[in-house]
Amino acid sequence: MEIIRVKDAQTGGEKAFELIKAGMDKGIQTLGLATGSTPIPLYREMTGSDLDFSNMTSINLDEYVGLGVEDEQSYRHFMNDNLFDQKPFKETFVPNGKAENLEAECQRYDAIINAHPVDIQILGIGRNGHIGFNEPGADLNGTTAVVNLTESTIEANKRFFDKVEDVPTKAISMGIASIMKGKQIILMAFGEDKAEAIYGMVKGPVTNHVPASALQNHDDVIVIVDDAAAAKL
């Protein structure tokens with residue numbers, strides 16, 4: 001793992017953008033994308049740039065079960081609002097949270113991942129060490145699946161909803177093995193509440209109690225952190 005320390009989340013987003021731009025200069029085709037507050041500075045850099053993504057493909061990590069594009073809290077809506085409406089891609093893939101057959105949707109999504117190998121995968125990290133929605137206890141060899149969200153994740157996400165009862169309890173998420181297929185992984189984390197997770201990911205044993213620790217077994221991981229998130233390293 002390469003650790004890059006930055007001043008703050010904005011500077012971190014700028015650094016991640018530089019890495020994506022460098023990859024595009026080399027001809028990358030597919031980006032793996034994440035949602036949440038962490039990548040927003042990156043998406044602002046992308047939408048404010050003169051880069052053309054119209055020949056690129058994107059594949060998102062996850063989506064809440066039960067939410068579709070018309071739901072403002074869905075991850076498809078988030079991506080449209082923060083990136084795709086301003087910078088169109090050739091193809092954009094987000095799991096269908098309203099699929100009638102969720103198991104079939106997971107299989108469909110794995111087929112998409114296999115057909116479009118991810119060149120650069122963007123990740124955040126949860127306070128409990130989750131990546132995507134792969135919560136503690138997740139199968140480190142798992143592929144796309146329906147997952148139950150932990151209480152800590154629901155608590156962390158309730159700020160986006162009117163009340164905690166509105167927060168979905170399940171999601172479709174790329175599995176750890178699916179994420180590990182990315183040729184390069186860029187993980188960003190900012191703030192002291194991510195320090196414990198970053199320590200476990202970088203310094204701890206590889207264990208499904210800290211799903212992000214699986215990244216220790218990847219050949220090309222860049223971790224972009226501010227001083228607060230890196231405090232325990």
Side-chain angles (χ1 to χ4, degrees), residues 1-63 73-95 116 118-127 130-133 156-157 159-160 173-174 179 182-195 197-198 201-202 212 215 218 220-230:
M1 289 184 183
E2 178 185 356
I3 311 293
I4 298 177
R5 296 196 185 212
V6 295
K7 181 177 67 175
D8 52 26
Q10 175 58 38
T11 314
E14 291 168 5
K15 182 62 184 177
F17 174 75
E18 289 174 12
L19 294 169
I20 287 175
K21 184 177 186 299
M24 290 177 68
D25 289 343
K26 296 177 182 176
I28 65 169
Q29 296 294 309
T30 303
L31 296 177
L33 299 178
T35 54
S37 56
T38 298
I40 286 177
L42 165 62
Y43 297 154
R44 286 181 183 150
E45 291 296 311
M46 291 171 72
T47 56
S49 76
D50 59 1
L51 291 184
D52 180 6
F53 297 93
S54 62
N55 288 316
M56 300 276 289
T57 296
S58 72
I59 301 177
N60 261 75
L61 286 167
D62 41 31
E63 177 61 280
Q73 305 306 337
S74 75
Y75 286 168
R76 167 56 82 176
H77 187 280
F78 175 98
M79 292 306 305
N80 288 351
D81 194 40
N82 284 283
L83 183 60
F84 301 147
D85 287 349
Q86 299 159 78
K87 283 288 187 179
F89 281 60
K90 180 175 67 175
E91 292 181 290
T92 61
F93 296 104
V94 179
H116 303 276
V118 171
D119 294 298
I120 296 178
Q121 175 68 59
I122 300 297
L123 294 178
I125 186 171
R127 297 172 194 167
H130 75 236
I131 48 176
F133 270 132
N157 289 346
R159 68 187 187 278
F160 301 114
S173 178
M174 286 171 57
I179 292 170
K183 296 170 189 173
Q184 181 181 66
I185 292 174
I186 300 171
L187 184 144
M188 295 181 285
F190 311 109
E192 62 184 356
D193 61 337
K194 300 296 178 74
I198 288 295
M201 179 186 77
V202 176
L215 298 178
H218 194 281
D220 189 355
V221 178
I222 297 172
V223 182
I224 301 175
V225 284
D226 62 5
D227 287 338

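Residue numbers run from 1 in the order of the sequence given. Side chains included, hydrogens not; waters and symmetry mates left out as well; all remaining heavy atoms used.
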For a quick test of reading the model, state the closest non-hydrogen atom pair linking [X] to [Y] and the distance between them.
{"X": "F78", "Y": "G36", "value": "CZ-O, 3.3 Å"}
{"X": "A189", "Y": "A229", "value": "O-CB, 3.5 Å"}
{"X": "D226", "Y": "K7", "value": "CB-O, 4.0 Å"}

Decide side chain to side chain contact (heavy atoms under 4.5 Å, CB included) for L61 and Y75; before the verdict, give the C-alpha distance in whole Å, the side-chain angles of both, and the deciding distance to 0.1 Å. CA-CA 9 Å; L61 286 167; Y75 286 168; over 6 Å; no

Are any side-chain N or O atoms of [X] and backbone N or O atoms of [Y], one a donor and one an acceptor, separated by less than 3.5 Å?
{"X": "S173", "Y": "F133", "result": "yes"}
{"X": "K194", "Y": "I125", "result": "yes"}
{"X": "D52", "Y": "S54", "result": "yes"}
{"X": "H218", "Y": "G182", "result": "yes"}
{"X": "Q73", "Y": "F160", "result": "yes"}

Would a 4.5 Å heavy-atom cut-off, applied to side chains only, mark N60 and T35 as touching? yes

Sole candidate of K26, K183, Q29 that passes side-chain hydrogen bond (donor to acceptor under 3.5 Å, both in side chains) when paired with D119: K183

Working to the nearest 0.5 Å, report the span between CZ of F93 and NE2 of H116. 4.0 Å

If you round to the nearest 0.5 Å, how far is NZ of K15 from CD1 of I224? 7.5 Å

For the pair E18 and K21, find out whether any cationic side-chain nitrogen is under 4.0 Å from an anionic carboxylate oxygen.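 Answer for the salt bridge query: no.
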
Side chain to side chain contact (heavy atoms under 4.5 Å, CB included) between M46 and L31, worked out: CA-CA 12 Å; M46 291 171 72; L31 296 177; 4.0 Å; yes

